[in-house]
Number of protein chains: 2
Amino acid sequence: MVWTIDFRDKRPIYEQIVSGIEDEIINGLISPDEPLPSVRSLATDLSINPNTIQKAYRQLEADGYTYSVPGRGSFVKNTEGVREMKKKEVLRDLTDLIRRARELGVTEDEIKEAIKGDNGK
Amino acid sequence: MVWTIDFRDKRPIYEQIVSGIEDEIINGLISPDEPLPSVRSLATDLSINPNTIQKAYRQLEADGYTYSVPGRGSFVKNTEGVREMKKKEVLRDLTDLIRRARELGVTEDEIKEAIKGDNGK
DNA sequence: TATCTGTATTATTCGTCATAGTACAGTTGA
DNA sequence: TCAACTGTACTATGACGAATAATACAGATA
């Protein structure tokens with residue numbers, strides 16, 4: 001487990017779990033058809049209620065990241081397209097944010113600086 | 001009133017009001033020392049409870065956008081610096097989002113496209 | 001002085017989040 | 001076969017925030 005629960009975070013726990021596992025899937029830390037930790041074991045590891053984990057897993061399945069087999073476990077789906085979806089989502093957010101930046105009078109140079117200043121490459 | 005309440009929005013009503021009025025102030029639709037609509041009249045216009053408006057106005061004052069005078073009304077503050085604050089905030093969000101985009105494998109070209117594709121200038 | 005203004009307070013309703021406990025059916029390995 | 005795992009479902013409870021409702025008070029104003 002790379003991530004942890006942040007109790008000061010205003011987002012609900014189950015949501016933190018969802019996005020944490022989403023990231024693991026997208027970054028290939030869990031491969032397709034590999035099992036997620038079981039509801040009960042993850043609940044024990046994170047010291048939270050199993051029902052909360054179940055809610056997160058239900059969400060992950062609804063979002064198309066995983067599939068569940070009663071009696072066996074929850075598994076990572078074939079994530080062809082998922083990464084593409086996420087990329088499109090981020091690019092949409094990016095254009096929105098840049099529009100907002102322009103409305104505030106942020107200059108082109110400042111925008112370029114934000115892009116360059118990030119990776120230093 | 002330029003904006004309206006979106007009841008399907010997951011954000012609470014009072015927060016929508018805060019950011020709606022913030023935008024009006026930043027975009028100069030209400031000038032410094034101009035009065036905001038009164039708590040009761042805005043509540044009537046938006047068909048929501050006066051207490052909700054009061055909460056939003058309290059927030060706006062706490063955030064430094066307005067000042068209130070009991071018996072007279074709520075007024076827009078001199079917003080020197082507010083726009084600067086917002087710009088810095090947006091630029092921070094921008095670097096975060098671009099980092100996330102890179103992590104997803106978004107190319108430099110796609111990022112530049114998002115910037116250009118926006119204003120077409 | 002009537003009517004506007006902001007402000008404060010208490011009570012109630014509602015929905016979400018999280019926990020707790022229990023139960024059931026499918027799977028698996030010893 | 002069977003104990004121990006798996007996902008899943010259900011009800012109940014407590015905590016919390018959001019929103020509404022109903023008053024009340026003091027300052028400002030025409």
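Excluded from the calculations below are hydrogen atoms, water molecules and symmetry mates; all remaining heavy atoms, backbone and side chain alike, are included. We name chains A, B, ... by the order of the sequence lines, and we start the count at 1 in each one. Not measured: the values here are computed from a predicted model.
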Revision key, fill the gap. With sequence neighbours left out, the residues meeting side-chain hydrogen bond (donor to acceptor under 3.5 Å, both in side chains) with B:Glu15 are none

Study note, to complete from the structure: Applying side-chain hydrogen bond (donor to acceptor under 3.5 Å, both in side chains) to A:Asp6 and not counting sequence neighbours gives A:Arg8

Practice item. Kindly write out the residues that satisfy side-chain contact (heavy atoms from CB on, under 4.5 Å) with A:Pro70, not counting sequence neighbours, or none if the list is empty. Key: none

Point to revise | Whole-Å gap separating C1' (D:dA19) and CZ (B:Arg11) | key: 17 Å

Check your understanding: Given A:Asn49 and A:Ile13, is the side-chain contact (heavy atoms from CB on, under 4.5 Å) satisfied, shown in steps?
Key -> CA-CA 10 Å; A:Asn49 194 281; A:Ile13 296 177; over 6 Å; no

Check your understanding: How about B:Phe75 and B:Ile30: do any of their side-chain heavy atoms sit closer than 4.5 Å?
Key -> no

Review point. With side chains defined as the heavy atoms from C-beta onward, is the minimum distance between A:Lys86 and B:Glu103 less than 4.5 Å?
Key: no

Review point. 5' to 3' on DNA chain C, which nucleotides open and close the contacts with chain B (atom under 4.0 Å from a heavy atom)?
Key: C:dT5 to C:dT9

Point to revise | Distance, nearest 0.5 Å, that separates OG1 of A:Thr95 from CZ of A:Arg99 | key: 5.5 Å

Taking N or O atoms only and anything under 3.5 Å, show me the protein contacts with nucleotides 15-18 of chain D, one pair per line.
from	atom 1	to	atom 2	distance (Å)
D:dA18	OP1	B:Tyr14	OH	3.2
D:dA18	OP2	B:Lys55	NZ	3.0

Taking every non-hydrogen atom, the tightest pair across [X] and [Y]:
X: A:Arg11; Y: A:Gln16; answer: O-NE2, 3.2 Å
X: A:Val18; Y: A:Leu60; answer: O-CD2, 3.8 Å
X: A:Val39; Y: A:Gln54; answer: CG1-N, 4.3 Å

Identify each atom pair where a protein N or O and an N or O of nucleotides 3-9 of chain D are less than 3.5 Å apart, giving names and distance.
from	atom 1	to	atom 2	distance (Å)
D:dT6	OP1	A:Ser38	OG	2.9
D:dT6	OP2	A:Ser38	OG	3.4
D:dT6	O2	A:Gly71	N	3.2
D:dG7	OP1	A:Val39	N	3.4
D:dG7	OP2	A:Val39	N	3.0
D:dG7	N7	A:Arg40	NH1	2.9
D:dG7	O6	A:Arg40	NH2	2.9
D:dT8	O4	A:Arg40	NH2	3.3

